[in-house]
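Here's the structure, in structure tokens; my notes come after.
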Amino acid sequence: MSISIPARDWFKPPEGAEKLWIGLALLWCFVLSLMMPYWHFRGKQNSRGEAYAVAPVAFMERTEAFVAANKTGERDGVPIVEPAPGGDAYLLARMWSWYPILKLRQGESYRIHLSSGDLQHGFSLQPLNMNFQVLPGYDHVLTLTPTSKGEFTIVCNEFCGIGHQHMIGKILVE
Amino acid sequence: MSFPTLNPPPPTPQPGRETGLRKCATTGLDVCLAAQRFIKLNAVAAIVFLLFGGIAAILLALTRWQAVHLLRVDWFYRILTFHGLNMLIFWMLFFEIAILYFACTIPLKARLFSRKIAWLSFGMMLTGAIMTNVVIIQGKADVLMTSYLPLLAHPLFYLGIILVAVGTLIGVFNFFATLYVAKRDRTYEGSLPLVTYGATAAAIIAVVTLLHGAIVMIPTFAFSMGWISQPDPMWYRMIWWGLGHQSQQVNVCAMVSVWYLIGQLTTGSKPVNETVCRGAFVLYILFINLASAHHLLVDPGVGSSWKIWNTSYAMYLAVLASMIHGFTVPASVEMAMRAKGWGRGIFGWVGALPWRNPAFSAAALSLVIFGFVGGITGVTLGTQQINIIAHNTLRITGHFHSTVVGGTSLAFMGLAFYVVPLMFQRDFIWRKAARVQPWLFGGGILLVSLGMSFAGSLGVARRTYDIEHAGVYGPAAHLFLGIMGVGAIIAVVGLLLFVVLCVGTVFFGERHAKGEPMADWGVAKELPGAPGEAIFADHWAMKGTMVLTGVFLACFAVYYFANWKALADVWYVR
């Protein structure tokens with residue numbers, strides 16, 4: 001009885017169906033635990049959290065230098081920047097914009113540096129639905145390889161004030 | 001009519017002030033009068049905050065349902081902050097303090113350790129909760145529940161939360177002190193009842209949780225006062241989720257205890273094996289702390305090994321604990337039904353369950369929604385790599401509305417159908433509506449949860465006022481947001497009905513004179529020629545539960561591996 005004092009001899013090992021279920025559940029938990037290390041070595045999608053300390057001002061300067069060196073065009077006043085395949089690219093999150101527009105090539109890898117100039121932001125790449133956290137003070141490096149072509153939209157999915165829903169960016173892949 | 005499972009009271013004289021206990025005429029339980037007062041106070045406060053949160057809920061759902069889009073943008077984020085704190089923190093903590101005071105006194109025939117400490121705890125919690133709510137409504141804390149730095153709210157917002165956390169800690173201390181005194185004075189012999197044991201597990205986790213709250217909130221308060229420089233935002237996230245996620249494990253522990261309790265009250269169930277049930281609670285205590293990792297899986301600054309270890313440590317033994325309870329709770333009910341003679345076939349006992357008893361239907365729905373929706377999505381979304389296609393989307397909100405709302409809140413509502421009459425000695429008003437209430441609330445929240453989950457799978461972000469601006473979401477996303485909106489309307493109707501029923505009962509319920517038993521909700525009947533206790537010799541008798549848990553495991557595996565497949569289809573990233 002759950003609400004009454006149990007009988008003195010309540011300490012007994014599980015038997016029958018209960019024992020079987022505990023065994024099955026434990027086995028399943030074992031599968032759950034092994035999948036993550038397996039994917040870490042064999043899978044193509046991992047979040048390693050590679051990051052370096054960076055002051056927001058310093059990150060903005062690096063982003064400006066990157067834009068100045070690799071700019072190929074402009075859309076609605078936002079520069080379109082094409083980093084070298086295998087090279088570094090900078091993406092600055094601020095209230096309420098993503099800067100600049102990145103132009104990538106399918107099948108090439110890029111080191112994308114993500115950081116914030118002010119509050120916390122959320123990098124949410126649509127319609128793929130890939131999501132990463134962006135923090136001020138942290139240079140979050142994603143080694144990203146686009147496997148599909150087209151125009152992709154970056155939505156901010158961490159609340160960052162009243163204009164949060166207007167914080168939209170672009171990544172173009174050729 | 002008395003409950004089949006509890007001994008009817010002997011014809012004792014009227015309760016005396018000198019013992020501080022009264023005997024409940026219906027259940028035969030010894031009710032500590034001091035505990036009764038604070039159970040009433042905390043439960044009433046909890047239901048008021050539930051009402052606040054519910055009103056906020058419908059405003060939010062009708063805003064995110066883009067076709068309605070009710071609120072203005074500033075009020076959307078304000079009400080979202082308000083909703084999160086009132087539901088996840090205030091409603092839960094006040095009700096849990098009521099459950100703790102119940103679990104440490106009534107089953108043990110014990111008296112509450114201290115009225116003064118109980119007043120102090122209640123006063124601090126209430127002051128803090130009101131302070132926080134006022135600051136939010138004034139528009140000085142539009143920071144959402146998580147108040148992630150560098151977002152900054154008015155200092156009183158943090159001070160309010162600190163008061164609630166410390167007040168709760170003081171209440172938890174009163175719980176432990178009561179347990180100690182009951183043991184010392186030998187008010188009971190032998191081991192703690194399972195419900196008290198589960199509540200103790202919840203209390204232990206609560207201490208660790210609330211300490212995290214103090215560690216993160218006190219420096220943030222100091223920063224908001226300008227006394228210290230800004231704490232690191234990543235440090236804040238890690239410690240804050242030690243409060244935010246672990247407090248949900250307190251809810252899980254309390255909810256599981258309530259499942260066992262309602263199982264006994266409505267079907268006369270008892271654990272098939274006490275050791276297994278208690279062992280599972282110990283697993284919660286040992287392996288559920290540090291759950292904050294689930295919120296940092298796509299964060300910078302913490303690496304793969306940290307993420308993998310902390311999201312699964314010791315082989316998911318906390319998940320194992322939930323899977324064990326997911327078996328033992330239905331198994332205990334099934335065995336009780338078979339002992340009563342409902343032993344035909346695999347599911348012959350299901351139809352004879354007391355489905356018209358709102359406490360039973362609430363607990364049953366709670367178990368199914370928590371297990372099949374909340375549990376499966378929770379483990380899957382909390383997988384390190386799968387989190388890439390889930391983090392901060394509505395999938396997360398869909399998950400926790402099926403654990404905290406469809407699971408914990410619904411179980412607590414079910415308990416209220418017994419606790420309110422027990423404490424206030426009044427019969428429930430409008431009993432026909434009460435029998436429908438769990439189905440309304442549970443059904444509504446299930447739609448909310450599924451609508452959110454599917455919208456989130458299509459990439460719709462949580463905590464955002466408007467998705468049109470992004471220009472990437474099609475009609476399917478809007479359909480699921482509409483389902484969420486319809487579900488929210490149904491769920492909030494269920495919630496309001498619950499509040500009306502409870503408040504109406506407290507003020508207008510038929511009062512019962514001393515010694516007169518109250519109306520029963522209806523319990524499982526016993527057939528003539530029932531096998532009784534003899535059935536417990538067969539350790540394979542719970543065939544229905546075996547089929548149910550087998551289906552559960554299959555659903556789990558399909559959902560889990562479908563998510564790995566979905567992950568494999570996105571861009572490469574490392």
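Order of the sequence lines fixes the chain letters, A, B, ..., with proteins taken first and strands second; residue numbering starts at 1 for each chain. Heavy-atom basis, side chains included; hydrogens, waters and symmetry copies ignored. The structure displayed is predicted, hence computed values, not measured ones.
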B/Tyr572 OH: over 12 foreign heavy atoms closer than 6.0 Å: no
Exercise: do A/Gln165 and B/Tyr77 side chains pair donor with acceptor under 3.5 Å: yes
Partner chain B: residue of A/Phe159, A/Phe132, A/Phe11, A/Tyr52 with the largest heavy-atom pair count (under 4.5 Å): A/Phe159
Any donor-acceptor N/O pair, A/Gln45 side chain to B/Leu567 backbone, under 3.5 Å: yes
Between B/Phe327, B/Tyr260, B/Tyr473, the one whose heavy-atom pairs under 4.5 Å with chain A are most numerous: B/Phe327
For chain B, the option from A/Leu32, A/Ile162, A/Leu142, A/Leu24 that forms the most heavy-atom pairs under 4.5 Å: A/Leu32
Gap between atom OH of A/Tyr38 and atom CH2 of B/Trp564 - 0.5 Å precision: 9.5 Å
Under 3.5 Å side-chain donor-acceptor pair for A/Gln120 and B/Arg237: yes
Between OG on residue B/Ser304 and NE2 on residue A/His40, distance to nearest 0.5 Å: 4.5 Å
Under 3.5 Å side-chain donor-acceptor pair for A/Trp10 and B/Thr275: no
Sole candidate of B/Leu297, B/Thr393, B/Asn387 that passes side chain to side chain contact (heavy atoms under 4.5 Å, CB included) when paired with A/Asn131: B/Thr393
A/Phe30 side, atom CZ; B/Tyr316 side, atom OH - distance, nearest 0.5 Å: 13.5 Å
Minimum side-chain heavy-atom gap A/Leu144-B/Trp571 below 4.5 Å: yes
Atom pair CD1/CG of A/Ile5 and B/Leu192 - distance to nearest 0.5 Å: 7.0 Å
A/Ser4 vs B/Pro107 side-chain heavy atoms within contact, under 4.5 Å: no
A/Leu34 versus chain B, the contacting section by heavy-atom distance below 4.5 Å: neither
Spacing of B/Asn273 atom CG and A/Glu18 atom CD [to the nearest 0.5 Å]: 5.0 Å
Note, A/Met35 side chain near B/Thr383 side chain (heavy atom, < 4.5 Å): no
Heavy atoms from other residues, nucleotides or ligands near NZ of B/Lys109 exceed 12 (cutoff 6.0 Å): no
Check: B/Asn392 side chain, A/Ser124 main-chain N or O, donor-acceptor pair, under 3.5 Å: no
A/Asp118, part contacting chain B, at a heavy-atom distance under 4.5 Å: backbone
Segment of B/Val379 engaging chain A (4.5 angstrom heavy-atom cut-off): side chain
Exceeds 12 heavy-atom contacts within 6.0 angstrom, atom CZ of A/Arg111: yes
Non-hydrogen side-chain atoms of B/His539 and A/Lys19 separated by less than 4.5 Å: no
Backbone of B/Pro300 reached by a side-chain donor or acceptor of A/Glu50 within 3.5 Å: no
Side chains of A/Ile168 and B/Val472 in contact at under 4.5 Å (non-hydrogen atoms): no
Heavy-atom side-chain contact between B/Ile308 and A/Pro37 under 4.5 Å: yes
When A/Ser33, A/Ser47, A/Ala53 are compared by non-hydrogen pairs under 4.5 Å with chain B, the top option: A/Ser47
Top contributor to chain B interface from A/Cys160, A/Ser148, A/Gly137, A/Pro127 [non-hydrogen pairs under 4.5 Å]: A/Ser148
Minimum heavy-atom distance between A/Arg48 and B/Arg574, given as atom pair plus value: NE-C, 3.4 Å
Any donor-acceptor N or O pair under 3.5 Å, side chains A/Gln133, B/His391: yes
Distance in Å, A/Asn46 CG paired with B/Gln385 CD, rounded so as to fall on 0.5 Å steps: 4.5 Å
Under 3.5 Å: donor-acceptor pair, side chain of A/Trp21, backbone of B/Met323: yes
Atom of B/Leu320, atom of A/Ile22 and distance for their closest heavy-atom approach: CD1-O, 4.0 Å
Worked check of side-chain hydrogen bond (donor to acceptor under 3.5 Å, both in side chains) between A/Tyr138 and B/Asp232: CA-CA 10 Å; A/Tyr138 287 79; B/Asp232 184 83; 2.7 Å; yes
Nearest atoms (heavy-atom pairs only) where B/Gln384 meets A/Met36: N-SD, 3.1 Å
Non-hydrogen atoms of B/Ser191 and A/Pro6 that approach each other most closely: O-CD, 3.5 Å
Region of A/Val134 in contact with chain B, defined by heavy-atom distances below 4.5 Å: neither
